[in-house]
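Below is one structure, written out as structure tokens; the observations come after it.
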There are 2 protein chains.
Amino acid sequence: MPKIVDAEARRLDVVHAVFRIIASDGLERASLREVADEAGLAVGSVRHYFASSDELLVFSFGAVIDRIAGRLESAMTVVEEESPGSPEQQAAVLNLLGQFLPLDEELAVDACVWMAFRHAARIKPVLAAEAERSHRTVAAVVGRLIMLLSPGGADAQQTLVTEAERLLATMDGLCMHALLQPEWMTAEMCSDVLTAHLRSLDGVPAAR
Amino acid sequence: MPKIVDAEARRLDVVHAVFRIIASDGLERASLREVADEAGLAVGSVRHYFASSDELLVFSFGAVIDRIAGRLESAMTVVEEESPGSPEQQAAVLNLLGQFLPLDEELAVDACVWMAFRHAARIKPVLAAEAERSHRTVAAVVGRLIMLLSPGGADAQQTLVTEAERLLATMDGLCMHALLQPEWMTAEMCSDVLTAHLRSLDGVPAAR
DNA sequence: GGTGTTGAAGCACGTTCGTGCTAAAAACTA
DNA sequence: TAGTTTTTAGCACGAACGTGCTTCAACACC
């Protein structure tokens with residue numbers, strides 16, 4: 001039988017090469033040749049694991065979604081374990097939302113890749129399904145968070161949806177700015193904006 | 001003398017062709033050949049007006065910034081003319097913020113192009129200067145708006161900056177979602193999120 | 001110790017890209 | 001009408017792209 005290679009691990013190696021290229025040079029530079037070089041393989045080898053360029057990209061998109069979703073999920077369980085309204089829960093919420101932002105090297109790479117694929121999905125139909133999944137997954141977590149944080153409890157459904165979308169939009173905007181204008185949108189500014197938004201969650205639905 | 005052609009108008013024609021291509025096929029398809037085809041010209045003709053592909057892209061980026069800045073500026077003067085706190089001012093503010101979003105065909109094209117160039121600027125150094133200008137220009141308008149809407153008047157400088165960045169992030173996130181997930185982020189949802197955010201502006205700084 | 005399956009490598013083909021360069025065409029002046 | 005200069009068109013070159021297909025090397029099993 002053939003040389004034994006952990007195919008799944010090798011696929012992940014290639015995917016990580018894709019991540020590095022997207023983060024440093026953009027999605028359009030993630031060609032088979034560049035990816036093979038970055039992974040230390042030949043083009044034919046990459047194509048042995050991924051039938052086509054599209055398959056590689058779709059798989060990479062899925063991988064980054066899984067990474068982000070995993071982080072969000074584990075951070076969310078921490079939030080749900082803390083007692084509502086406690087400072088510990090506040091911290092857990094801030095930590096959860098921080099998972100969206102490029103606060104360290106690993107998060108930055110994932111954020112870059114995530115953004116690049118989502119925008120590419122507007123044009124490339126092969127990526128559309130994963131983009132849908134990405135949106136649904138993240139929106140579900142944010143929705144649960146909003147439900148948990150809403151003081152009104154059984155508040156109007158409409159308000160909850162709106163607030164979830166509002167938080168989601170703010171997070172994506174923050175992520176964007178942190179990636180594109182890092183000199184303005186520092187980690188401190190991100191934190192300030194997040195706490196301001198969370199304060200606005202406490203205030204508004206009650207006042208309505 | 002030669003055939004008389006309004007060079008500036010012709011450059012704008014080419015730029016509009018760039019816009020259409022970016023909106024429908026993405027920035028990476030905005031090659032000289034595609035642009036020339038879309039504009040109904042030969043590649044040589046496009047290169048007569050723009051020395052290089054880079055020059056064309058930088059000029060197009062600048063053009064879309066100017067369009068957006070112009071719309072924001074004129075909408076901002078309306079806001080400043082209305083009496084503070086009046087329903088007319090509220091409507092003017094909503095109108096101003098709506099200029100960021102792809103609410104009609106023209107706005108959608110500009111939003112697409114704007115997003116594409118800003119993300120491309122992370123990678124392509126030639127676009128960096130215009131990206132800076134874009135951010136400064138828009139941040140200035142949003143800053144003026146926040147200053148106008150803040151009930152505290154001479155509130156803490158820090159709060160104003162934070163709130164400006166928060167509104168900016170929310171707008172960019174809304175724009176992103178409206179472009180990438182139009183089925184979820186409808187015009188109505190945009191409006192709901194915007195009004196919710198504006199309510200949060202009234203409430204929070206006063207409560208602090 | 002052969003042997004055949006499989007990982008790895010690479011060639012070849014057709015496209016597309018940016019760009020330097022050369023002419024043809026067009027239109028206003030002399 | 002002849003000339004001059006801008007506008008338009010197009011060819012040619014090197015580089016990079018995805019992909020079909022072939023070739024080489026290695027290793028587990030009979």
Side-chain angles (χ1 to χ4, degrees), chain A residues 1-22 24-61 116-117 119-121 123-127, chain B residues 1-22 24-61 116-117 119-121 123-127:
Chain A
M1 282 284 191
K3 189 161 133 187
I4 284 287
V5 168
D6 185 338
E8 208 52 42
R10 190 66 82 140
R11 282 167 73 94
L12 278 188
D13 282 350
V14 176
V15 164
H16 288 143
V18 171
F19 288 179
R20 288 194 297 275
I21 291 176
I22 292 178
S24 66
D25 293 336
L27 183 62
E28 62 276 4
R29 299 294 300 269
S31 67
L32 286 182
R33 286 170 177 82
E34 292 274 350
V35 171
D37 264 21
E38 177 71 31
L41 297 174
V43 176
S45 305
V46 175
R47 294 194 57 214
H48 178 74
Y49 293 102
F50 298 96
S52 68
S53 173
D54 278 355
E55 184 182 319
L56 171 58
L57 293 184
V58 171
F59 186 86
S60 301
F61 193 7
F117 274 123
H119 277 90
I123 300 302
K124 298 195 75 174
V126 276
L127 300 176
Chain B
M1 282 279 199
K3 187 162 138 186
I4 281 290
V5 168
D6 185 339
E8 208 51 42
R10 188 69 85 153
R11 282 166 75 95
L12 278 187
D13 282 351
V14 176
V15 165
H16 288 143
V18 171
F19 288 178
R20 288 194 297 273
I21 290 177
I22 292 179
S24 66
D25 294 335
L27 184 61
E28 62 277 2
R29 300 295 300 270
S31 66
L32 286 181
R33 286 171 176 81
E34 292 274 350
V35 171
D37 263 20
E38 176 71 31
L41 297 174
V43 176
S45 305
V46 174
R47 295 194 57 214
H48 177 73
Y49 294 102
F50 297 97
S52 69
S53 172
D54 278 355
E55 184 182 320
L56 171 58
L57 293 184
V58 171
F59 187 86
S60 300
F61 192 6
F117 274 123
H119 278 89
I123 301 301
K124 300 194 73 173
V126 276
L127 300 177

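Chain naming here is simple, since letters A, B, ... match the order of the sequence lines and numbering starts at 1 in each.
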Answer yes or no: is there a side-chain heavy-atom contact under 4.5 Å between A/Ile22 and A/Phe117? yes

Roughly how far, to the nearest 0.5 Å, is the CG atom of B/Asp13 from the CD atom of B/Glu8? 11.0 Å

Please find the pair of heavy atoms, one from B/Ala120 and one from B/Leu127, that lie closest to each other, and give the distance. CB-CD1, 3.8 Å

Check whether any side-chain nitrogen or oxygen of B/Tyr49 sits under 4.0 Å from OP1 or OP2 of D/dT6, and answer yes or no. no

Between CZ of A/Arg10 and C1' of C/dT6 the distance, given in whole Å, is 13 Å

A/Leu57 has an atom CG; how far is it from atom C1' of D/dG18, in whole Å? 11 Å

When rounded to whole Å, the CG to P distance for the pair B/Leu41 and C/dA24 reads 21 Å

In residues 37-45 of chain B, what donor-acceptor pairs under 3.5 Å come from side-chain atoms, sequence neighbours left out?
unit_1, atom_1, unit_2, atom_2, d
B/Glu38, OE2, B/Arg20, NE, 2.6
B/Glu38, OE2, B/Arg20, NH2, 3.3

Whole-Å distance between D/dT19 P and A/Leu56 CG? 10 Å

Along DNA chain C (nearest heavy atom to each residue), the more 5'-positioned of B/Ser53 and A/Arg47: A/Arg47

All side chain to side chain donor-acceptor pair (under 3.5 Å) counterparts of A/Glu34, not counting sequence neighbours: A/Arg29

Is there a residue in residues 26-34 of chain B whose heavy atoms reach under 4.0 Å of DNA chain C, and which residues are they? B/Ser31, B/Leu32, B/Arg33, B/Glu34

Measure CG/A/Asp37 against C1'/C/dA9 and give the value in whole Å, please. 13 Å

Is there a side-chain contact (heavy atoms from CB on, under 4.5 Å) between B/Phe50 and B/Val15 once you walk through the steps? CA-CA 10 Å; B/Phe50 297 97; B/Val15 165; 4.2 Å; yes

With salt bridge (charged side-chain N to carboxylate O under 4.0 Å, His left out) as the rule and sequence neighbours excluded, what pairs involving residues 44-55 of chain A come up? A/Asp54-A/Lys124

Identify, with sequence neighbours excluded, every residue that meets side chain to side chain donor-acceptor pair (under 3.5 Å) alongside B/His48. none

Look at B/His48 and D/dT7 and indicate whether a side-chain polar atom (N or O) is within less than 4.0 Å of OP1 or OP2. yes

Value in whole Å for how far the P atom of D/dG20 lies from CD of A/Glu55: 12 Å

Show me the protein contacts with nucleotides 22-25 of chain D, counting only N or O atoms at under 3.5 Å.
none

Residue whose nearest DNA chain D nucleotide is more 5′ - A/Ala51 or B/Gly44: B/Gly44

Where do B/Gly26 and A/Ile123 come nearest, in terms of heavy atoms and distance? N-CD1, 3.6 Å

